[in-house]
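Residue numbering restarts at 1 for every chain, and letters A, B, ... go by the order of the sequence lines. Every value quoted in this text rests on a predicted model; they were computed, and no experiment measured them.
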There are 2 protein chains.
Amino acid sequence: MSETTLLERLRERGWRVTPQRRAVAVALEGDHVHLTADEVHRRAREVRPEVSLATVYNTLNEMVAMGEIAEVRYAPGPSRYDPNVGHTPHHHLLCKVCGALFDVDAHAVADLQLPVADRHGFTVDAVEVTFRGTCPDCLAAA
Amino acid sequence: MSETTLLERLRERGWRVTPQRRAVAVALEGDHVHLTADEVHRRAREVRPEVSLATVYNTLNEMVAMGEIAEVRYAPGPSRYDPNVGHTPHHHLLCKVCGALFDVDAHAVADLQLPVADRHGFTVDAVEVTFRGTCPDCLAAA
DNA sequence: GTATATGCAAAGCATTTGCATTAAA
DNA sequence: TTTAATGCAAATGCTTTGCATATAC
């Protein structure tokens, strides 16, 4: 899907790579589900039990500041982190019951333009579509 | 724009109307900006200084549960509340600098369908488009 | 009159920060 | 060796809750 790994991209930016940061980067990758800081922490601990939650937050915030991942907060509850930003253009599929968030390939969705008359003086540089619905798990549970 | 007021709709649902709740409902109406609980509290206090923040939260949560307003959390920081949900179909214009959120009429944006093949087993019942950019105020400040 | 909303203050999460210690480069 | 990252624990900010009192219906 993507040619380079998150870790490689970060290293290229001159990022200092520690075992903790490696564990965080690896925890985020691969999945098309977006994890909370706490879930990242749990996963990172499976590899490096000494990773602290504070370090997870610090690391995630840096990655966001670099634009390598995005913080998304569509449902109540804690923030989630999207590692596929800027590399694979995509939109989101949100379960309104459990808050789970999946990616959708951008090619599945038409490009959108907002007419200048409706821009309220904004400049627009990204468009993001969220499909709200119910995920298979919650459908089964209902 | 809408034929009935938020307060009228709530009363029709058999809601018990108190001065505090009236103040919260009025604070939310009319605007195309989405307020935080704290901002709603400040506005409600201008009319009824004894309204407590706890009551504002309780009231907003009830309105959300009834589907009369929506909680939106696109940017870091506190939740914001969208009173125009379900009545005036619309999308969002988000300032990535200051987090301000405006409404855009749905007619300005084409309807979108997600192909079944890309639905990952979800049912989809709403589509929401967010245009990310920079608002006039932040442009001026830059 | 009765059920329900209120304010207050305390509790509960999510997230950030200060600081002494440790480790990457 | 230098500069920056770590863990811990305390602090902060947003939101919810418990409970005694007040009030809409």
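At least one donor-acceptor pair under 3.5 Å links the side chain of B/His41 to the backbone N or O of B/Val51. Between the side chain of B/Glu68 and the main chain of B/Leu6, no donor-acceptor pair closer than 3.5 Å is present.
Classification of B/Arg45 and B/Glu50 as a salt-bridged pair fails, no side-chain N sitting under 4.0 Å from a carboxylate O.
The stretch residues 57-66 of chain B touches DNA chain D through B/Tyr57, B/Asn58, B/Asn61, each having a heavy atom within less than 4.0 Å of the strand.
Using a 4.5 Å heavy-atom cutoff, the side chains of B/Glu62 and B/Arg21 are in contact. Put simply, the side chain of A/His34 reaches to within 4.5 Å of the side chain of A/Asp103, judged on heavy atoms. Between A/Leu114 and B/Leu93, some side-chain heavy-atom pair lies under the 4.5 Å cut-off. Side-chain contact check for B/Val64 versus B/Tyr81: some heavy-atom pair is nearer than 4.5 Å.
Nearest heavy-atom pair, B/Cys95 versus B/Thr134, reported as atom, atom and distance to 0.1 Å: SG-CA, 4.0 Å.
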For nucleotides 10-13 of chain C, give me every protein contact, N/O to N/O, under 3.5 Å, one pair per line with atom names.
none

List, with names and distances, any nitrogen or oxygen atoms from the protein found under 3.5 Å away from nitrogen or oxygen atoms belonging to nucleotides 19-23 of chain D.
none

Nucleotide N/O to protein N/O under 3.5 Å, stretch nucleotides 9-12 of chain D:
none

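Shown are B/Leu10, B/Thr18, B/Val24; of these, the side-chain contact (heavy atoms from CB on, under 4.5 Å) with B/Thr59 is made only by B/Val24.
In this structure, the CZ atom of A/Arg45 is 9 Å from the P atom of D/dG7, given to the nearest Å. A straight line from CG of B/Leu10 to C1' of C/dT4 spans 16 Å, rounded to a whole angstrom.
Residues satisfying the side chain to side chain contact (heavy atoms under 4.5 Å, CB included) criterion with A/Thr36, sequence neighbours excluded, are A/Asp38, A/Glu39, A/Pro78, A/Arg80.
The side chain of B/Thr18 lies closest to C/dT6 when the candidates are D/dT6, C/dT6, D/dG7.
Side-chain N/O atoms of A/Thr55 include one lying less than 4.0 angstrom from OP1 or OP2 on D/dG7. An OP1 or OP2 oxygen of D/dA24 is reached within less than 4.0 angstrom by no side-chain nitrogen or oxygen of B/Arg21. Contact between the side-chain N/O atoms of A/Gln20 and the OP1/OP2 oxygens of D/dG7 is found at a separation under 4.0 Å.
In summary, the side chains of B/Asp82 and B/His92 do present a donor paired with an acceptor at a separation below 3.5 Å, with no hydrogens or angles considered. B/Glu71 and B/Ser79 share a side-chain donor-acceptor pair at under 3.5 Å.
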Between B/Leu60 and B/Ile69, is a side chain to side chain contact (heavy atoms under 4.5 Å, CB included) present by the stated rule, with each step listed? CA-CA 8 Å; B/Leu60 290 172; B/Ile69 69 175; 3.8 Å; yes
I would like to know whether A/Thr130 and B/Val127 meet side chain to side chain contact (heavy atoms under 4.5 Å, CB included); could you show each step before the answer? CA-CA 6 Å; A/Thr130 303; B/Val127 182; over 6 Å; no
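If you check every strand for non-hydrogen atoms under 4.0 Å, A/Ser79 touches sugar and phosphate atoms only.
Direction change of the helix axis from one end of the helix from C/dG1-D/dC25 to C/dA25-D/dT1 to the other is 50°, with five pairs defining each end axis (rounded to 10°).
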